Number of protein chains: 2
Amino acid sequence: MNTLRALQWAHTVILRTLEREMEAEGLPLAWFDVLIHLAEAPDGQLRMQDLAGSIVMSPSGLTRLIDRMEKADYVTRQRTAEDRRGAYAVITPKGKAELERIWPIHLRGIEQHFATNVDDADVPALYAALSRIIAGVEGPTGSYASD
Amino acid sequence: MNTLRALQWAHTVILRTLEREMEAEGLPLAWFDVLIHLAEAPDGQLRMQDLAGSIVMSPSGLTRLIDRMEKADYVTRQRTAEDRRGAYAVITPKGKAELERIWPIHLRGIEQHFATNVDDADVPALYAALSRIIAGVEGPTGSYASD
DNA sequence: ATAAATTGCTTGCACAAGCAAGTATCAGCA
DNA sequence: TGCTGATACTTGCTTGTGCAAGCAATTTAT
């Protein structure tokens, strides 16, 4: 219980801080998340639902997020003949460039607000514990990639 | 970085699940958070800003949250002569009753979605690591109570 | 072959949250 | 006392999110 509360606190405070930093840089954290997941995916594309799962957002939320990002020319939607209901979100060159730009800034933020405060010795245990939690909540069908 | 991502995942998935459960029970998680912090405070009251700090919410967000909860008669605002700018949020009997009602349900949810998946051996390390993170982000002025 | 059920994404709607600006009160100092 | 600045909360506005419903394409069953 207290551990859960600590988890919530740690998350909220860190993420809020990072979010503000990113926003100040002109790229909301959610946008960054999308870009990085796409950049890491083969061909820089992901089905909408897979992407929604990866960044833990509702389908409708993702639809609008991609709407905005498409307007900014960071991603494109690509429909495929193979299943004409579905759509891929594809990262654009501009999206890639933006990701390159923001990446070091974001890393610095993480270093400053998170990594600094983690005892090196804690990391493996922390990571292992969190992974187990995730695996448990998700069940065998989970889409969390522990890359 | 991956550890941070794991933190984010674990938090988001668990909290989202709990939130849906609570909402189904008729008490949003945020309301529960407010109630429990008030119930734990001396005289069941807390200054608005302290409460905002405790549940990690912006002052404006808390104002409206308390507005809603006041309408539901779970809390009251009480202004004091000592400093007429400030206000206390005070838990009402109805609020306490609601907390009693929801508490076991929430605990069961935590057990099911969180505690089950945490290796008992992990807990101390996990808690310690998270606490260090929190302390680091917060600085010496932090308002996180590790009760 | 065709109707029914399912899937994949998109819209209508309502709501909660944050930022910036506003208001009232208090503290410090000439 | 009377100003100046800080504090504590509240309000106006904008935005992002989720749920429920909708639409189109696809699969399943008859």
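Throughout, a chain's letter reflects where its sequence line sits, starting with A, and its residues are numbered from 1. Here the structure is a predicted model, which means the values were calculated and not measured.
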Original post:
Checking salt bridge (charged side-chain N to carboxylate O under 4.0 Å, His left out) for the pair A:R101/A:E98: CA distance, chi angles, key distance, verdict?
Top reply: CA-CA 5 Å; A:R101 180 182 78 79; A:E98 182 62 10; 2.7 Å; yes
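- A:Y88 and A:L65 fall into different hydrophobic clusters, where Ile, Leu, Val, Met, Phe, Trp and Tyr side chains are chained together by heavy-atom contacts under 4.5 Å.
- Straight-line distance from the CD1 atom of A:I66 to the C1' atom of D:dG16: 14 Å, rounded to whole Å.
- If you take CH2 of A:W31 and P of D:dT17, they are 11 Å apart, rounded to a whole angstrom.
- Look at CG on A:D83: it is 17 Å from P on C:dT6, rounded to the nearest Å.
- Residue A:Y88 contributes atom OH, which lies 14 Å from atom P of C:dT10 at whole-angstrom precision.
- Across C:dT10, C:dT7, D:dG18, the shortest atom-to-atom separation from the side chain of A:S58 is found for D:dG18.
- Toward the 5' end of DNA chain C, the nearer of the two residues A:M48 and A:R85, judged by each one's closest nucleotide, is A:R85.
- Regarding B:D67, its CG atom lies at a distance of 14 Å from the P atom of C:dG18, rounded to whole Å.
- Separating the CZ atom of A:R77 from the P atom of C:dC9 is a distance of 10 Å, rounded to the nearest angstrom.
- If you take CG of A:L62 and P of D:dG16, they are 14 Å apart, rounded to a whole angstrom.
- Contact record, A:Q112 with A:N117: O-ND2, 4.3 Å, taken as the closest heavy-atom pair.
- Nucleotide D:dG16 holds its P atom 10 Å from the NZ atom of A:K71, rounded to whole Å.
- A side-chain contact (heavy atoms from CB on, under 4.5 Å) with B:Q8 is found for exactly one of A:D33, A:I14, A:V56, namely A:D33.
- For C:dG18, the OP1/OP2 oxygens have a side-chain nitrogen or oxygen of A:R16 closer than 4.0 Å.
- Side-chain nitrogen and oxygen atoms of A:R68 include at least one within less than 4.0 Å of the OP1 or OP2 phosphate oxygen of D:dT17.
- For B:A87, taking side-chain heavy atoms from C-beta onward, the closest of the listed nucleotides C:dG18, C:dC9, D:dC9 is D:dC9.
- A donor and an acceptor atom never sit less than 3.5 Å apart when one is taken from the side chain of A:T63 and the other from the base of C:dC9.
- A residue-by-residue look at B:L65 and A:G61 shows that A:G61 has its nearest nucleotide of DNA chain C further toward the 5' end.
- Electrostatic pairing of A:E25 and A:R108 does not count as a salt bridge here, judged by no charged N lying under 4.0 Å from a carboxylate O.
- Put simply, B:R64 has no side-chain N or O that comes within less than 4.0 Å of OP1 or OP2 on C:dC19.
- Within the structure, a side-chain polar atom (N or O) of A:R47 is placed less than 4.0 Å from OP1 or OP2 of C:dC9.
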